[in-house]
Amino acid sequence: QAANDGFRGLFLVCFDGPSAANGPRGLVVLSNGDNDAMLFNMAMARAMLEALEPAGFDLGRVPDVAAGFDTAGMRQEEIVNLGFKGLVLDAFAEAPGFELGK
């Protein structure tokens, strides 16, 4: 993810597994703006991921972007990270045998 004064962005690439059988696949989203730009980026990433149909991706696991993302009590530097995780990354199933952080 990327965040600085006046822009937000993310890149997401699958390098291994059934969704990368013919080589890496992914996306890049950049926009001007602050917290609203993060919501825009998450909506665009979700739409692109639906079109790419990666294995293990299910938007039913995460809230709808239209419902917004509650940033109350968050430090500014957490908003992009937690928005990306809560609105996009959590839609992916964990790979069998994979333990996050190990």
If you measure from CG on L10 to CG on N81, what distance do you get to the nearest 0.5 Å?
11.0 Å

Find the distance between SG (C14) and CG (L27) and round it off to the nearest 0.5 Å.
11.0 Å

I need the minimum non-hydrogen distance between D16 and A20, along with the two atoms involved.
N-CB, 3.6 Å

Got a list of side-chain donor-acceptor pairs under 3.5 Å for residues 54-71, not counting sequence neighbours?
{"unit_1": "D58", "atom_1": "OD1", "unit_2": "G60", "atom_2": "N", "d": "2.8"}
{"unit_1": "R61", "atom_1": "NH1", "unit_2": "G56", "atom_2": "O", "d": "2.8"}
{"unit_1": "R61", "atom_1": "NH1", "unit_2": "A91", "atom_2": "O", "d": "2.7"}
{"unit_1": "D64", "atom_1": "OD1", "unit_2": "A66", "atom_2": "N", "d": "2.7"}
{"unit_1": "D70", "atom_1": "OD1", "unit_2": "A72", "atom_2": "N", "d": "3.0"}

Can you list every pair that meets side-chain hydrogen bond (donor to acceptor under 3.5 Å, both in side chains) and has a residue in residues 20-32, with sequence neighbours left out?
S31-N41

Donor-acceptor contact present, side-chain R46 to main-chain L87, <3.5 Å
yes

Taking every non-hydrogen atom, the tightest pair across A37 and R8
CB-CG, 3.9 Å

Heavy-atom check, side chain of F92 versus side chain of D90, under 4.5 Å:
no

Does E78 use its side chain to pair, donor to acceptor, with the backbone of R75 at less than 3.5 Å?
yes

Which residue in the set V28, L52, L89 passes side-chain contact (heavy atoms from CB on, under 4.5 Å) when paired with L12?
L89

Taking all atoms of both residues into account, what is the closest heavy-atom pair of V29 and M48, and its distance?
CG2-CE, 3.1 Å

Single-linkage hydrophobic cluster V80~F11, side-chain heavy atoms < 4.5 angstrom:
no

